[in-house]
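What you are looking at is a predicted structure, and each value in this text was computed from that prediction instead of being measured.
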Amino acid sequence: MIKRVMIRLCGYLSGLSACALHILFCSRLFGWTATFVIVGIQLGIAGWIIYMRIRAPD
């Protein structure tokens, strides 16, 4: 049980660090304004995909 929890937490931590690095690289390449636009578009697309997955008939 503890092993599964630790594996899941490490997966979440690595995903969070990948997102932070993505935002850092975008800010270095394009500036903060473009980074907010890029991240906003990506979050909108992700939200739309999640909404469609929930609402989709099986």
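Thr35 contributes no side-chain N or O that, together with a main-chain N or O of Ile23, makes up a donor-acceptor pair within less than 3.5 Å.
With rounding to the nearest 0.5 angstrom, the SG atom of Cys26 is 11.5 Å from the CZ atom of Phe36.
Ile41 and Leu29 fall into different hydrophobic clusters, where Ile, Leu, Val, Met, Phe, Trp and Tyr residues are linked whenever their side-chain heavy atoms come under 4.5 Å apart, directly or through other members. Cluster membership check: Trp32 shares its hydrophobic cluster with Val39, using side-chain heavy-atom separations under 4.5 Å among Ile, Leu, Val, Met, Phe, Trp and Tyr. Val37 and Leu43 sit in two unconnected hydrophobic clusters of ILVMFWY residues. Membership requires side-chain heavy atoms under 4.5 Å apart, directly or through other members. Ile49 and Met52 fall within the same hydrophobic cluster, defined by Ile, Leu, Val, Met, Phe, Trp and Tyr side-chain heavy atoms under 4.5 Å apart, directly or through other members.
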Just distance, no hydrogens or angles: give the donor-acceptor pairs under 3.5 Å from side chains in residues 8-18, sequence neighbours left out.
| unit_1 | atom_1 | unit_2 | atom_2 | d |
| --- | --- | --- | --- | --- |
| Ser14 | OG | Cys10 | O | 3.3 |
| Ser14 | OG | Gly11 | O | 2.9 |
| Ser17 | OG | Leu13 | O | 3.3 |
| Ser17 | OG | Ser14 | O | 2.9 |

